[in-house]
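Letters A, B, ... are given to chains in the order of the sequence lines, protein chains preceding strands, and every chain is numbered from 1.
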2 protein chains.
Amino acid sequence: MGEIGETVQTAEFAAKAEKLDAADELAAKRAEFVLDEVVYLDGNSLGALPANVPGRVEDVVRRQWGELRIRSWDESGWWTAPERIGDRIAPLVGAAAGQIVVGDSTSVNVFKALVAAVRMAGEDRDEILVDATTFPTDGYIAQSAARMTGRTLRPVAPAEVPAALSGRTAAVLLNHVDYRTGRLHDLPSLTAAVHAAGAVAVWDLCHSAGALPVGLDEHGVDLAVGCTYKYLNGGPGSPAYLYVRRELQDRFDSPLPGWNSHADPFGMRSDFEPAAGAPRGRVGTPDILSMLALEAALEVWEGVSIEAVRAKSLALTDFFLECVGAYAPEGGVESVTPVAHEERGSQVALRCADAGEVMKALIERGVVGDFRHPDVLRFGFTPLYVGFADVERAARVLAEVLRGDGPRGEALR
Amino acid sequence: MGEIGETVQTAEFAAKAEKLDAADELAAKRAEFVLDEVVYLDGNSLGALPANVPGRVEDVVRRQWGELRIRSWDESGWWTAPERIGDRIAPLVGAAAGQIVVGDSTSVNVFKALVAAVRMAGEDRDEILVDATTFPTDGYIAQSAARMTGRTLRPVAPAEVPAALSGRTAAVLLNHVDYRTGRLHDLPSLTAAVHAAGAVAVWDLCHSAGALPVGLDEHGVDLAVGCTYKYLNGGPGSPAYLYVRRELQDRFDSPLPGWNSHADPFGMRSDFEPAAGAPRGRVGTPDILSMLALEAALEVWEGVSIEAVRAKSLALTDFFLECVGAYAPEGGVESVTPVAHEERGSQVALRCADAGEVMKALIERGVVGDFRHPDVLRFGFTPLYVGFADVERAARVLAEVLRGDGPRGEALR
């Protein structure tokens with residue numbers, strides 16, 4: 001396309017972006033985040049800073065820790081934070097209160113959930129199925145859970161899970177959204193298939209919670225885990241969470257029964273008696289600074305419906321694919337993210353040559369996504385703070401970089 | 001003792017406190033903490049706030065997260081924080097660099113250490129010994145580790161450990177200082193006994209690190225864990241640490257092999273290949289806010305020798321026992337902390353009737369310790385910020401409360 005054609009087209013898309021931004025009912029939420037001139041499309045790795053977090057953290061450090069000190073375990077609600085914050089996450093993933101507890105990393109929660117799932121399934125079921133395309137840590141931890149419970153681990157592509165299920169299957173660990181491709185897996189039907197086989201369904205929600213409706217209760221998910229630093233904007237390494245469906249809580253037999261999960265934690269008893277309800281998923285002393293930063297971050301969800309978030313997310317990724325299709329040079333990139341809405345999460349993954357160098361050039365030009373080995377550019381769209389003008393600009397800059405305009409030529413040499 | 005006698009005695013001890021404070025080479029360190037008129041003797045539960053922490057945390061939140069966002073994983077050193085901060089703790093526990101990694105809770109680290117220890121010991125050793133008087137979480141986690149590795153757990157009083165060791169012993173989990181009584185166990189000789197039996201020694205340093213020399217390398221300890229929110233002042237629920245002796249690192253086979261412990265974490269490989277060295281003890285994404293608050297907190301150790309800390313700690317607890325002995329009414333309290341220096345940590349535990357109510361009254365009068373079920377008053381002495389005048393005042397107020405002077409009578413009704 002010639003320069004004039006390009007300019008006309010750019011003007012068209014810019015006008016469309018303006019219209020979409022004007023009609024965006026979530027647009028005002030952007031002001032609740034600390035943002036700058038950068039187009040930040042890496043919220044699927046680390047969410048941007050909510051504006052109310054710094055003040056809250058300062059209060060936690062200076063007053064709660066500095067002045068009240070040990071009294072804050074009661075007076076500032078530190079002790080009950082894991083379940084209180086779990087209850088704030090609950091509506092975002094379609095869970096009633098009392099089933100989610102916050103704490104530890106996602107990896108540690110995968111271990112708790114999977115070992116507990118295997119124990120629930122009973123002795124005669126000797127196989128664990130795991131998403132063969134999973135984010136690696138789930139696979140490594142599943143391997144350890146299998147080894148330590150005497151089960152066999154079998155990696156299976158999510159689409160093959162129904163065929164792979166059998167009377168041997170104890171538990172199935174799946175990702176709701178694939179971290180690399182952004183593919184959304186069919187949680188309701190896969191959960192139903194797992195249940196039909198008499199097995200326990202464990203879902204990893206890292207790349208879906210806060211971006212789209214999950215419906216944990218509605219779809220009868222057994223156990224779920226997720227991180228809070230992506231679409232939930234909890235901050236770097238903020239604690240993960242664990243969901244145990246209410247009817248299964250009494251059978252949740254944790255491999256990490258720390259003193260925080262005891263029915264009477266300050267009784268200092270030598271025999272272990274597990275707490276009732278969500279606190280049974282706790283382990284040791286919660287990391288209060290990270291946890292209360294997360295609590296503040298979750299306040300931005302006040303008045304936001306996850307359905308509105310999903311609608312905007314799809315509009316953003318649609319528009320990005322449309323702009324990239326129009327702007328990018330022929331053969332420059334290929335989307336590995338599904339076109340069908342029901343198969344798409346809130347990110348677009350583009351395969352391209354020299355993906356690592358292309359991402360560096362994008363970042364130099366103020367468009368931040370990330371690179372996943374070996375050839376994928378990932379762009380995450382957080383509906384609470386990404387707008388349509390951002391999307392148009394990101395696609396435009398990507399096209400410039402792919403064409404080798406300006407500094408990118410340098411960067412690639 | 002009559003009122004005049006009391007006054008004379010009080011003046012004597014106050015004068016002694018003044019002299020001791022004047023000669024205290026660590027006295028200047030107190031200014032590096034945020035303190036008020038309260039006598040804070042609960043640093044063995046939650047250390048006071050180091051004055052440089054709030055500013056550091058603000059920078060981490062506002063600039064590193066808020067402005068640099070995802071770039072901070074490299075540019076702000078987030079990714080390498082677990083081992084970098086481990087190296088800051090190392091000299092405080094007598095370890096050379098490269099053997100300590102920070103992250104997760106103490107409970108989770110006990111699980112890693114104990115399972116790995118059992119695996120190092122080999123298949124033919126089927127018993128784990130655990131301190132029968134341990135802080136409960138170690139016992140609960142040890143029970144889980146035993147169950148998941150097919151071993152038997154046997155609780156043994158620390159003094160009985162040498163007699164209980166045998167060719168069946170795989171690993172022994174001990175506390176360096178008893179959380180309730182403040183008794184210091186003989187780490188060198190117990191470790192030597194464990195080794196003589198061919199077993200693996202795992203030490204919990206929660207109540208000793210930062211209060212007295214540990215000598216991990218010198219005494220050949222195999223694995224150790226500890227928290228950082230007591231004498232290391234890392235803040236509420238700050239991450240714990242794991243020590244794996246260098247010669248054992250290649251054999252450290254973690255039950256929690258998360259992606260952070262992979263040799264090539266960003267390779268996103270489906271097969272697990274453990275990292276070399278201390279990072280092998282990592283699991284999931286580190287909780288950066290809590291972790292970097294800890295890093296700032298550790299800067300107060302600049303120029304402090306742990307030997308000087310130990311000398312002051314013993315002087316503080318000696319003086320407290322002396323003042324309590326002189327001030328407290330006959331039969332009011334009984335120390336359960338050993339008199340011998342080589343058997344004493346950095347706390348004094350006093351048994352008394354109505355201990356819960358007595359502690360409440362003390363706190364109302366500005367002397368903060370804590371209560372441990374059923375009848376123990378705990379007073380922790382952090383040499384970096386507790387002075388001898390504090391000690392005299394604490395003992396004096398305790399005696400008043402025990403005598404029922406003033407508001408305590410109310411409090412106990």
Distance (rounded to the nearest 0.5 Å) between [X] [atom1] and [Y] [atom2]:
X	Y	atom1	atom2	result
A/D42	B/R69	CG	CZ	10.0 Å
A/L41	B/I70	CG	CD1	12.5 Å
B/L68	A/L46	CG	CG	11.0 Å
A/W259	B/D138	CH2	CG	11.5 Å
B/D287	A/I288	CG	CD1	11.0 Å
A/Y140	B/E273	OH	CD	9.5 Å

Chain B contact via [X] - side chain, backbone, both or neither, heavy atoms under 4.5 Å:
X	result
A/N233	backbone
A/R180	neither
A/N260	neither
A/Y40	side chain
A/V115	side chain
A/R119	side chain
A/P286	backbone

- Item | Portion of B/V57 that has a non-hydrogen atom of chain A nearer than 4.5 angstrom | side chain
- What part of B/V60 gets closer than 4.5 Å to chain A, counting heavy atoms only: side chain, backbone, both or neither? neither
- Run the side chain to side chain contact (heavy atoms under 4.5 Å, CB included) check on B/W65 and A/V53 step by step: do they pass? CA-CA 11 Å; B/W65 174 14; A/V53 167; 3.8 Å; yes
Flag the one option from [options] with the top tally of heavy-atom pairs under 4.5 Å to chain A.
options	answer
B/A293, B/G234, B/S238, B/G43	B/G234
B/H262, B/M291, B/Q64	B/H262
B/L256, B/V34, B/D370	B/L256
B/P236, B/G284, B/P257, B/P374	B/P236
B/S45, B/A145, B/G258, B/P265	B/G258

Heavy-atom pair count under 4.5 Å with chain B, highest-scoring of [options]:
options	result
A/T134, A/D271, A/L35	A/D271
A/C227, A/G47, A/P255, A/P239	A/P255
A/G235, A/G103, A/A240	A/G235
A/P155, A/P54, A/G139, A/G267	A/P54
A/M268, A/R62, A/E58	A/M268
A/R372, A/R269, A/Q143, A/E67	A/R269

- Message: For the aromatic rings, using the six-membered ring if either is Trp, is the centroid distance between A/H373 and B/F266 under 6.0 Å?
- Response: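 No, they do not, as the ring centres are separated by 6.0 Å or more.
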- Report, by ascending residue number, the residues of residues 71-80 of chain A in heavy-atom contact with chain B at a distance under 4.5 Å; give 'none' if the set is empty.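 Hits under 4.5 Å: A/W73, A/W78.
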- Item | Residues of residues 106-114 of chain A near chain B, each having a heavy atom less than 4.5 Å away | A/S107, A/V108, A/F111
- Query: What's the shortest heavy-atom distance between B/T149 and A/M148, and which atoms?
  - Reply: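 Closest heavy-atom pair between B/T149 and A/M148: CG2-CE, 4.2 Å.
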- Looking only at side chains, do A/S290 and B/S290 share a donor and an acceptor under 3.5 Å apart? yes
- Full working for side chain to side chain contact (heavy atoms under 4.5 Å, CB included) between A/R147 and B/D253: CA-CA 12 Å; A/R147 171 183 177 188; B/D253 182 4; 2.6 Å; yes
